[in-house]
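In what follows, a structure is listed as structure tokens, so that the remarks can point back to it.
These numbers come from a predicted model, not from an experiment. Values below: all heavy atoms of this structure, side chains included; hydrogens, waters and symmetry mates excluded.
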Amino acid sequence: MPDTGLNNPALRTETVSMPVPALVPAAPLTTKLRLSMLLRCLAIQGSWNYEILVGNGVGFCVEPALRQLPGGVDGPQYREALARQSMYFNAHPYLAALAIGALARAELEHVPPARIERFRTALCGPLGSVGDRLVWAAWLPACSLVALLLFGFRWSPLGVVAGFLVLYNLGHLGLRDWGLRAGWSHGLRVATALGHPVLQHGPRYIGLVSAVLGGLALPLAAHRAIGGQNPLSPIPLGVAVATPVLATLLVRLQGRAEGWRVVLLLLAAFVLYSVVH
């Protein structure tokens, strides 16, 4: 398994081995506060810069929760916490919500500032690695292949774009919302949330589904691109079904059959069918 940062000694120390102080237990995450922070998460990269990356964005997202600190927005604790949360931070923009929930809870529980800073630093690597694998390398390509499949089934351009946007945003908004709630729930023990099966095994399973989608989508999309009319006619549908089946067969017959022979046999069958019909 790729190193996602869960074995980071600093993260284990901050989240597991040391007792988490809770001098002032944080209030429950209300729906109003969750929605406020979640909406701000959509703009977390709005002030991105080369010096502190998404640091300002994290401070912006955490700010609604910091208003609950003693003294409110005019108190010194609020100003100090906001300044602390606006320092350098680098993570995947979607999974940053996990850090935002955990950091907000840590501030409200009055965890020592030095420990919060170490915790922020330890989170950067895991959140970046896990997020890149899950979203950029798995979810985004899968959604793109679904859109290609819709194109092959003769959906209109607007329908293809709408289908892609709906599917992709269902995943990415759901990930942000889960991250925010999980971060608030686990606090400094957020390494537990990073071990979630979807984060650890999701990329592999999405990759397998994407391979099948690619085998189905590419022949159908090519058939439409060259002017084919009916995507459910025997030739394009047969190629679409045979492609993922052939890929699976070649993997299972590795070392026992040469791929080019199997492909040549399959092409000969399709040519014969075309001539006869």
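- Nearest heavy-atom pair across E107 and A81 is OE1-CB, 3.5 Å.
- Looking only at distances, a side-chain donor or acceptor of R176 sits under 3.5 Å from a matching main-chain atom of C41.
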#### Entry: W139 and L167: CA distance, side-chain angles, deciding distance, side chain to side chain contact (heavy atoms under 4.5 Å, CB included) verdict
CA-CA 10 Å; W139 184 244; L167 181 61; 4.0 Å; yes
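- A donor-acceptor pair under 3.5 Å is formed between the side chain of S86 and the backbone N or O of L82.
- The distance from the CD atom of E51 to the CE atom of M87 is 10.5 Å, given to the nearest 0.5 Å.
- No continuous path of hydrophobic side-chain contacts links L180 to L35 [ILVMFWY only; heavy atoms under 4.5 Å].
- Counting heavy atoms from C-beta outward, D177 and R34 have side chains that approach closer than 4.5 Å.
- Here the straight-line distance linking atom OG of S210 with atom CG of L145 works out to 5.5 Å at 0.5 Å rounding.
- For the pair P70/H110, a side-chain contact is recorded, criterion being any heavy-atom separation below 4.5 Å from C-beta on.
- The minimum heavy-atom distance between A65 and W184, with the atom names listed, is CB-CZ3, 4.2 Å.
- One distance of note links CZ of R181 with CG of L29; it measures 9.0 Å at 0.5 Å rounding.
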### Task
Could you walk me through whether Q68 and L33 pass side chain to side chain contact (heavy atoms under 4.5 Å, CB included), step by step?
CA-CA 11 Å; Q68 300 179 14; L33 178 58; 3.4 Å; yes
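- Residues passing the side-chain contact (heavy atoms from CB on, under 4.5 Å) test with A102 are F119, V190, sequence neighbours excluded.
- The main-chain N or O of I52 is found under 3.5 Å from a side-chain atom of N49 such that the two form a donor-acceptor pair.
- With a 4.5 Å cut-off on side-chain heavy atoms, L98 and H186 do not count as touching.
- Of all heavy-atom pairs between L95 and G131, the closest is CD1-N, 3.5 Å.
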#### Entry: side chain to side chain contact (heavy atoms under 4.5 Å, CB included) assessment of L175 paired with L199
CA-CA 10 Å; L175 181 62; L199 300 184; 4.2 Å; yes
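- With hydrophobic clusters built from ILVMFWY side chains whose heavy atoms lie under 4.5 angstrom apart, L194 does not share a cluster with Y205.
- Of all heavy-atom pairs between F151 and A221, the closest is CE2-O, 3.7 Å.
- Around CG of L208, the count of heavy atoms belonging to other residues, nucleotides or ligands within 6.0 Å exceeds 12.
- Side-chain contact check for I206 versus V209: every heavy-atom pair is 4.5 Å or farther apart.
- Using modelled atom types, one side-chain atom of R120 and one backbone atom of Y88 make a donor-acceptor pair closer than 3.5 Å.
- In W155, the CH2 atom is not crowded: 12 or fewer heavy atoms of neighbouring residues, nucleotides or ligands sit closer than 6.0 Å.
- The two residues L127 and A96 have their closest heavy-atom pair at CD1-CA, 4.5 Å.
- Looking at L38 and I100, their side chains never come closer than 4.5 Å, going by heavy atoms from C-beta outward.
- Expressed to the nearest 0.5 Å, how far CG of L134 lies from OG of S129 amounts to 11.0 Å.
- In this structure, Q85 contributes its side chain and F60 its backbone to no donor-acceptor pair below 3.5 Å.
- Within the model, atoms CG of L66 and OH of Y78 stand 6.5 Å from one another, a figure rounded to the nearest 0.5 Å.
- Note: the hydrophobic cluster containing L42 does not contain W178 (ILVMFWY, side chain heavy atoms under 4.5 Å, direct or indirect links).
- The hydrophobic clustering, which links ILVMFWY residues whose side-chain heavy atoms are closer than 4.5 Å, places L39 and L103 apart.
- At least one side-chain heavy atom of R84 sits less than 4.5 Å from a side-chain heavy atom of P113.
- Looking only at side-chain heavy atoms (C-beta outward), F89 and I44 stay at 4.5 Å or farther from each other.
- Interatomic distance, R67 CZ to L108 CG, rounded to the nearest 0.5 Å: 12.5 Å.
- Among residues at least two apart or in separate chains, side-chain hydrogen bond (donor to acceptor under 3.5 Å, both in side chains) pairs with a member in residues 91-103 are H92-W136, Y94-Y168.
- Under the 4.5 Å side-chain heavy-atom criterion for Ile, Leu, Val, Met, Phe, Trp and Tyr, V160 and L170 are members of distinct hydrophobic clusters.
- Heavy atoms only, all atoms of each residue included: F164 and A147 are closest at CB-CB, 3.9 Å.
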